[in-house]
Amino acid sequence: DIAIRSQRPTSPNLYARFLGHCRYAVYASSTYVSQHPESTTERRMENCRWISYHDDKSILLVTRWLRQQVPPEQIKLYCSTLMALLQGVKSGQGLAALPIFVGKQTQDLIQLTPALIDLNQKTWLVLNRNAGRVQAIKAVSAWIGEIFDKLDDECFQIE
């Protein structure tokens, strides 16, 4: 009934509220960084293993950014969900561009870059128009909006 999406839906049956721009940075596990000191340098793009979304059509901004920055042979693991991507980073499989609010809340991850200026992903709160009439769904969607409103500018830019 409620979704958070990186693309505005086009279906007239869905209501979308723009939440802001999710900011990203490059992260790795502390184990990966200790084993690969080049991960802390600008040479990380060509010398480190990377993890990406499995996104053949490059719908996601983060996937397009990664394909522009990292040689294809350095992308060693493809994932279909944020949770799988995060687990890959946590287990030391490589580097990934993650939402800062996710990276900051995950133990044992090291933020290797400041916020990536050219990677600010639009974020939408999406509801089925009929579900939006249900009081519980209205309350939860309002609560989600409040959470995003409270995120600091390092994590999320509200415009």
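What's counted below: heavy atoms across the whole structure, side chains too, no hydrogens, waters or symmetry copies.
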[X] and [Y]: which non-hydrogen atoms are nearest, and at how many Å?
X     : Y     : value
Thr31 : Ser34 : O-OG, 2.9 Å
Ile51 : Cys79 : CG2-SG, 3.8 Å
Arg44 : Val26 : CD-CG1, 4.2 Å
Val33 : Ala28 : CG2-CB, 3.8 Å

- [ ] Return the set of residues passing side-chain hydrogen bond (donor to acceptor under 3.5 Å, both in side chains) with Tyr32 (not counting sequence neighbours), or none when no residue passes.
- [x] none

Task: Contacts of Glu46 that satisfy side-chain hydrogen bond (donor to acceptor under 3.5 Å, both in side chains) - sequence neighbours left out - done: none

Open item on the list: Just to verify, which of Thr113, Asn120, Leu119 counts as forming a side-chain contact (heavy atoms from CB on, under 4.5 Å) with Tyr24?
Closed with: Leu119

- [ ] State which residues pass ring pair (Phe, Tyr, Trp, His ring centres under 6.0 Å) with Trp124; sequence neighbours excluded, sorted by chain then number.
- [x] Phe18

Side chain to side chain contact (heavy atoms under 4.5 Å, CB included) against [X], all qualifying residues, sequence neighbours excluded:
X     : value
Thr81 : Met83, Ala84
Ile75 : Trp50, Ser52, Leu66, Val70, Tyr78
Tyr15 : Arg17, Leu127, Arg129

Open item on the list: One pair to check against side-chain contact (heavy atoms from CB on, under 4.5 Å): Ile2 and Leu125. What are the steps and the verdict?
Closed with: CA-CA 7 Å; Ile2 301 173; Leu125 178 66; 3.6 Å; yes

So how far is it from [X] [atom1] to [Y] [atom2], rounded to the nearest 0.5 Å?
X      : Y     : atom1 : atom2 : result
Asp149 : Leu19 : CG    : CG    : 8.0 Å
Gln35  : Ser30 : CD    : OG    : 9.5 Å
Leu77  : Ser91 : CG    : OG    : 8.0 Å
Thr106 : Gln87 : OG1   : CD    : 10.0 Å
His54  : Ser80 : NE2   : OG    : 8.0 Å

Using atom types as modelled, flag every donor-acceptor pair under 3.5 Å from a side chain in residues 4-11 to any protein atom, sequence neighbours excluded.
residue, atom, partner, partner atom, Å
Ser11, OG, Asn13, N, 3.1

- [ ] For the residue pair His21 and Gln121, establish whether any side-chain heavy-atom pair is separated by less than 4.5 Å.
- [x] no

Open item on the list: Contact between Ile110 and Ser29 at the side-chain level, heavy atoms closer than 4.5 Å - yes or no?
Closed with: no

Task: Common cluster, Ile117/Val62, ILVMFWY with side-chain heavy-atom separation under 4.5 Å - done: no

Got a sec, which pairs hit salt bridge (Lys or Arg N to Asp or Glu O under 4.0 Å) with one end in [range], sequence neighbours left out?
range           : result
residues 98-109 : Lys104-Asp152, Lys104-Glu154
residues 25-38  : none
residues 81-99  : none

- [ ] Decide if atom CD of Glu73 counts as having more than 12 heavy atoms of other residues, nucleotides or ligands within a radius under 6.0 Å.
- [x] yes

Open item on the list: Determine whether Leu112 and Tyr27 satisfy the following criterion, side-chain contact (heavy atoms from CB on, under 4.5 Å), listing intermediate values before the conclusion.
Closed with: CA-CA 6 Å; Leu112 298 172; Tyr27 286 88; over 6 Å; no

With a 3.5 Å cut-off and sequence neighbours excluded, list the donor-acceptor pairs that the side chains of residues 95-103 form with protein atoms.
none

Task: Heavy-atom donor-acceptor pair, Arg49 side chain to Gly92 backbone, under 3.5 Å - done: yes

